[in-house]
Protein chains: 2
Amino acid sequence: MRISARADYAVRAALELAAAGDEASLKAEAIATAQGIPHKFLEGILGDLRRGGLVVSQRGGKGGFRLARPADSIAIADVIRVADGPLVSVRGVRPPELSYGGPAESLLPLWIAVRANVRKILGEVTLAHVAAAKLPDEVLSLAEDPEAWTNP
Amino acid sequence: MRISARADYAVRAALELAAAGDEASLKAEAIATAQGIPHKFLEGILGDLRRGGLVVSQRGGKGGFRLARPADSIAIADVIRVADGPLVSVRGVRPPELSYGGPAESLLPLWIAVRANVRKILGEVTLAHVAAAKLPDEVLSLAEDPEAWTNP
DNA sequence: ACACTTCCCTAGTATTTCGATAGGAAAACT
DNA sequence: AGTTTTCCTATCGAAATACTAGGGAAGTGT
């Protein structure tokens, strides 16, 4: 279960914009160096965010990008979906489109349960939450369990 | 956030073995046709499961594969880890090895929370649960919510 | 008008994943 | 001995991922 570089970069770029304020605009290059993201790659990702309606852009000397909506109205899940497609997929397809036979039949409800659990977190946490380092309590309590940080 | 073909296939193969009983053994070819998995690709995956100590193999005419331990002692998470590496990774690395700067600092605890939530499900559900189509109640109640099946 | 900046678009490359195929050695059964 | 099946290696191609390069379009400042 892996989160792609695209998704990670998209969220981090959106967080830089959220931290800059809903009015201010940042240049792609500034975001790239601030977050250590290859800047031409980031340009493509920002294009997706723009086409997805999450950011607006401005060309020219005083140009750059800024959020299209307030940071507390954009969930992390929104950013990932626009940049990277479905939040959770199995072999590239969404769980409801899968079909399993024989003893694997109950695998589908299992993937659905996993997806529901991921959605519950990423659909609720917004850019404003993360940028301000104030995660909701339920999320924080999950992350604070020392066992959650152990490796295997 | 994607579950790879390797992981999906590995779990389904393990489920076929679990359904066959802890004693019986199945040939790779039989598992491949039962689950519609490319059989040479599956051979490689079964090799990983063997090296990971989850299955044992036997060559020759009456050969095949069987589970190395009872099906109710093998979690879905165990199978995925052996076949596909870490359960959850960001850009290919495990969350604890990541480091974020600036407004993205709280992204790490967020990924940790997501991972903890995924673990809670996949670490608890065993091959026996799924093969018998009897998921634990907490998991079932997540999967039964109609909203969990909607697409976006 | 002109230069400069920054976004925007297309194309190209390297690596990995997924899947198919192939050849052959080792172990077990009939 | 001969068949079966795992096991190991190797390769190949298509697609996706993670970038890189170059140039055109839109905006700003002088």
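A, B, ... follow the sequence lines: proteins, then strands. Residue 1 opens every chain.
Closest approach to the A:Lys62 side chain among D:dT28, C:dC7, C:dG19 is made by D:dT28 (side chain taken as heavy atoms from C-beta onward). In the set D:dC19, D:dT6, C:dC9, C:dC9 carries the atom at the smallest distance from any side-chain atom of A:Lys40. For B:Glu43, taking side-chain heavy atoms from C-beta onward, the closest of the listed nucleotides D:dC19, D:dT6, C:dC7 is D:dT6.
Side-chain N/O atoms of B:Arg59 and base N/O atoms of D:dT6 include a donor-acceptor pair closer than 3.5 Å.
In this model, the phosphate group of D:dT5 is approached by a side-chain N or O of B:Lys27 to a distance below 4.0 Å at OP1 or OP2. Residue B:Gln58 places no side-chain N or O under 4.0 Å from the OP1 or OP2 atom of D:dT4. Between A:Arg50 and C:dC8, a side-chain N or O to OP1/OP2 separation shorter than 4.0 Å is present. OP1 and OP2 of C:dT17 both lie 4.0 Å or more from every side-chain N or O belonging to B:Ser4. In this structure, A:Tyr9 reaches the D:dC19 phosphate: one of its side-chain N or O atoms is under 4.0 Å from OP1 or OP2. One finds a side-chain N or O of B:Arg51 lying less than 4.0 angstrom from the OP1 or OP2 phosphate oxygen of D:dC8.
Under the side chain to side chain contact (heavy atoms under 4.5 Å, CB included) rule, A:Leu127 has a single partner from A:Leu17, A:Asp78, A:Val79, which is A:Val79.
Within a 6.0 Å sphere centred on CD of B:Glu23, other residues, nucleotides and ligands contribute 12 heavy atoms or fewer.
Checking side-chain atoms of A:Trp149 against main-chain N and O of A:Ala143 turns up a donor-acceptor pair under 3.5 Å.
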